[in-house]
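Step one of this worksheet: look at the structure below.
Per chain, numbering begins at 1; letters A, B, ... match sequence-line order. Atom set for the values below is all heavy atoms of this structure, side chains included, hydrogens, waters and symmetry mates excluded.
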2 protein chains.
Amino acid sequence: MSFTVSLFISNLNVHNFIDELNKAFESRVRLGLMSLLVVQDEMDFARLKEALQLSDGNLASHMQALEKLGYIEVHKQFIGRKPNTQYAVTELGRNAFSAHLLSLEKLIKQMQS
Amino acid sequence: MSFTVSLFISNLNVHNFIDELNKAFESRVRLGLMSLLVVQDEMDFARLKEALQLSDGNLASHMQALEKLGYIEVHKQFIGRKPNTQYAVTELGRNAFSAHLLSLEKLIKQMQS
DNA sequence: AAAAAGTACTTTGTGTTACAAAGCTAATTA
DNA sequence: TAATTAGCTTTGTAACACAAAGTACTTTTT
């Protein structure tokens, strides 16, 4: 009897952890982009593209999605006379990503015990 | 100069971690299914469906995909006179999932340092 | 005996996503 | 003047997720 109960709780836990995960960060690319931006504070289009081996269009659309969610900010400037687009994570984005990693971490720890 | 070099290495690392992640386990549902099966050894259709709040069709198609990849096995039986389908993770699945979690863990630790 | 419900799907349809490839704009360098 | 750079946008395709409905067979309920 207590066996059944504990199984039920364990299943519930998994469900909760899963629900805490942020859909916006599911994909490997998004995980990579956020990881880089959280650490680097600012990175431009070319550097991100190079770092994650993405096509122009693919990177642009991922960034657009993250921007629409308010997770990153775009700063356009000129370096010398060349256009340059810098991306930075917002406070909201930083918090959301932290929460996501924390949920992942909890899930992983749950698995290891 | 050494600053530039260390940045380059850091970017490379992220790229490597991301590449190690298994596409099959990207989605929250897949993560949940595998987590449950790794811990529970065997679970049936109804329990999985209940635990993760999935529709019949959605669960069936996820399980089919995981089975096709060789990550889970299906055991059909009768309990009393009712049909019952048990799912279990395979050795391959267990290893693949472990590797995935390990890569996630490495990525997270990288972020925290 | 007939109707309802359980078990585990399959089928169908829809909307979302990922992504590559090509096009585009405006400037810059060769 | 031609090619390149920078950063997109557009277009098209294939994959995916998912709900809802349909299916087949059985069992339970009435």
Value in whole Å for how far the [atom2] atom of [N] lies from [atom1] of [X]:
X: Phe45(B); N: dA8(C); atom1: CZ; atom2: P; result: 7 Å
X: Gln77(A); N: dA6(D); atom1: CD; atom2: C1'; result: 13 Å
X: Glu67(B); N: dC9(C); atom1: CD; atom2: C1'; result: 13 Å
X: Lys68(B); N: dC9(C); atom1: NZ; atom2: P; result: 15 Å
X: Glu26(B); N: dT16(C); atom1: CD; atom2: C1'; result: 15 Å
X: Leu48(B); N: dC9(C); atom1: CG; atom2: C1'; result: 14 Å
X: Gln86(B); N: dA8(C); atom1: CD; atom2: P; result: 9 Å
X: Met63(A); N: dT9(D); atom1: CE; atom2: C1'; result: 17 Å

Compare all side-chain heavy atoms of [X] with those of [Y] and state whether any distance is below 4.5 angstrom.
X: His100(A); Y: Leu31(A); result: yes
X: Glu26(A); Y: Leu21(A); result: no
X: Leu101(B); Y: Leu104(A); result: no

Which part of the nucleic acid does [X] contact within heavy-atom distance under 4.0 Å: base, sugar-phosphate only, or nothing?
X: Asp44(B); result: nothing
X: Ala46(A); result: sugar-phosphate
X: Lys49(A); result: nothing

- Message: Looking at Thr85(A) and Lys76(A), would you say the former's side chain and the latter's main chain have a donor-acceptor pair under 3.5 Å?
- Response: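 No; judged by distance alone, with no hydrogens or angles, the pair does not exist.
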- So, Gln53(B) versus His15(A): side-chain donor-acceptor pair below 3.5 Å or not?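 No donor-acceptor contact under 3.5 Å links the two side chains.
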Phosphate OP1/OP2 of [N] contacted by [X] side-chain N/O (<4.0 Å):
X: Thr85(B); N: dC9(C); result: yes
X: Gln64(B); N: dC9(C); result: no
X: Lys76(B); N: dT7(C); result: no
X: Tyr87(B); N: dA8(C); result: no

- Message: The side chain of Lys82(A) is closest to which nucleotide in this list: dT27(D), dT10(C), dT29(C)?
- Response: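 For Lys82(A), the side-chain atoms sit closest to dT29(C).
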- Query: Which letters describe nucleotides 15-20 of chain D, given B = protein heavy atom under 4.0 Å from base, S = only from sugar-phosphate, - = neither?
  - Reply: --SBBB
- Task: Please tell me which of Phe78(B) and Pro83(A) maps to the more 5' nucleotide of DNA chain D, matching each residue to the nucleotide holding its nearest heavy atom.
- Result: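 Going by which nucleotide is closer to the 5' end, it is Pro83(A).
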- Item | ILVMFWY cluster, Leu92(B) and Val39(B) together (side-chain gap under 4.5 Å) |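 In one cluster: yes.
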- Task: Identify which one of Phe97(A), Tyr87(A), Phe25(A) satisfies the ring pair (Phe, Tyr, Trp, His ring centres under 6.0 Å) criterion when paired with Tyr71(A).
- Result: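 That would be Phe25(A).
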